[in-house]
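Throughout, protein chains are lettered first and strands after them, A, B, ... in sequence-line order, and every chain is numbered starting at 1.
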Amino acid sequence: MVNYKIINVENSINSGQVFLWKKNKEFWNGVNGDDVLSIDKNGNINSYQNFKIDFFRQNDNLEKIIKSISKDKTVKMAVKKFQGLRILRQDPFQCLISFIVSSNSNIPKIKNNLEKISKKFGKKIKYHNQEFFLFPNPKKLAKASINEITSCGVGYRAKFIKEAAKIIDLKEIDFDYLKKCNYQDAKENICQIPGVGGKVADCVLLFSLDKLEAVPLDRWIIRILEKYYLKKFEITTKTITEKQYNILHKKIVNYFGPYAGYSQQFLFKMERENYKKKWL
DNA sequence: CCAAGGCCTGAATG
DNA sequence: ACATTCAGGCCTT
């Protein structure tokens with residue numbers, strides 16, 4: 001029996017969605033854009049700014065969603081084992097920069113890079129007697145020099161970060177507009193940003209722009225598909241071109257339905273757990 | 001259209 | 001120890 005109400009805070013934070021989080025005694029504390037959240041083990045949120053954000057997407061109808069994605073034994077098992085795993089609703093700009101930084105990288109390094117960015121460019125605040133650095137706003141990063149950004153250890157991604165920040169700051173791409181668009185339009189839009197390809201785009205769409213049919217296809221998901229869905233999705237290649245990415249994505253949405261993003265999150269978590277990869 | 005190679009960096013692997 | 005490979009891609013040729 002699946003309990004649709006529970007929130008597993010630990011699993012949700014440690015599932016590759018967010019990076020600027022750490023645990024202090026009973027509480028998970030994390031930077032989310034201009035805000036700092038403090039979350040207890042039941043998922044009750046206090047925040048520095050008192051912004052009311054449905055961070056755990058509790059307005060999603062989990063019962064309907066889980067029934068909808070439960071197409072086979074593999075997902076059913078993942079859903080059962082990781083009850084309470086949620087897709088988080090993040091600050092879009094922080095999410096965008098996070099996943100530009102993530103390309104060709106690994107979690108400890110991504111985390112390190114992002115900490116340096118918020119420390120160097122973000123505003124220092126005190127909350128619950130601890131120090132935090134808010135995530136810098138687009139203008140701040142847009143004005144930063146490439147050298148300053150590079151000093152955060154992001155390497156060749158520095159210029160992508162600056163350009164992305166400029167585009168967002170000037171509202172050439174507007175997150176509020178993207179939230180209203182359908183998946184395809186939003187994706188085409190966001191892929192205009194340098195450093196954003198299919199995978200990064202899907203991360204941003206799923207984790208911050210409410211596009212639940214976005215399914216980030218990274219190495220891990222490809223590995224899972226090869227392992228459990230080889231025939232179903234006719235996986236042939238290891239290296240995925242843009243076209244193959246899109247074809248595969250269509251097959252996945254066709255199979256798992258409009259909430260395919262949730263299925264990805266459960267499968268991903270399951271496979272990572274098998275390999276005991278380090279999170280935060 | 002596809003394939004191959006380069007790219008910063010640090011952790012993991014031998 | 002030290003070298004090499006790899007890591008949650010993207011861009012250019």
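If you measure from atom CD1 of A:Ile149 to atom P of B:dC7, you get 20 Å, rounded to the nearest angstrom. If you take CG of A:Asn106 and P of B:dT13, they are 11 Å apart, rounded to a whole angstrom. Protein atom CG of A:Asn113 is 12 Å distant from nucleotide atom C1' of C:dA7, rounded to whole Å. A:Ile240 places its CD1 atom 11 Å from the P atom of C:dC10, with the value rounded to the nearest Å. If you take CZ of A:Arg219 and C1' of C:dC10, they are 12 Å apart, rounded to a whole angstrom. Look at CD1 on A:Ile110: it is 12 Å from C1' on B:dA11, rounded to the nearest Å. Atoms CD (A:Gln244) and P (C:dG9) sit 16 Å apart, rounded to a whole Å. B:dG5 atom P lies 16 Å from atom CG of A:Asn104, rounded to whole Å.
Residue A:Arg157 has no polar side-chain atom (N or O) positioned under 4.0 Å from OP1 or OP2 of C:dC10.
Closest approach of A:Ser68 to A:Tyr259, counting heavy atoms only: OG-CD1, 3.5 Å. A pairwise comparison of heavy atoms in A:Ser151 and A:Lys120 identifies OG-CE, 3.5 Å as the closest pair.
Residue contacts shown for A:Pro194 are limited to sugar-phosphate atoms, with no base heavy atom under 4.0 Å away.
Of the P atoms belonging to B:dT13 and C:dG8, the separation is 11 Å, rounded to the nearest Å. Comparing the P positions of B:dA11 and C:dC10 gives an interatomic distance of 23 Å, to the nearest angstrom.
For A:Ser103, the listed nucleotide lying nearest its side chain is C:dC10; candidates were C:dC10, C:dG8, B:dA3. Considering only the side chain of A:Lys243, B:dC2 comes nearest among B:dC2, C:dG8, C:dG9. Distances were taken from every side-chain heavy atom of A:Thr241 (C-beta onward) to each of C:dG9, C:dG8, B:dC2; the shortest belongs to B:dC2.
Using a 30° and 60° split on the angle between ring planes, A:Tyr245 and A:His249 fall in the parallel class, below 30°. Taking the six-membered ring for Trp and thresholds of 30 and 60 degrees, A:Tyr127 and A:Phe132 have ring planes inclined between 30 and 60 degrees apart. Relative orientation of the A:Phe207 and A:Phe99 rings is tilted, given thresholds of 30° and 60° on the angle between their planes.
Defined by atom type and a distance below 3.5 Å, a donor-acceptor pair is present between the side-chain atoms of A:Tyr229 and A:Asp72.
Ring-centre distance between A:Phe55 and A:Trp21: below the 6.0 Å cut-off.
On a pure distance criterion of 3.5 Å, a polar donor-acceptor pair joins the side chain of A:Arg272 and the base of C:dG8. At a cut-off of 3.5 angstrom, the base of C:dG9 holds at least one donor-acceptor pair with the side chain of A:Tyr156.
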Its dot-bracket string being built from Watson-Crick and G-U pairs below 3.5 Å, with | for another strand and [ ] for crossing, DNA chain B has the pattern ..|||||.||||||
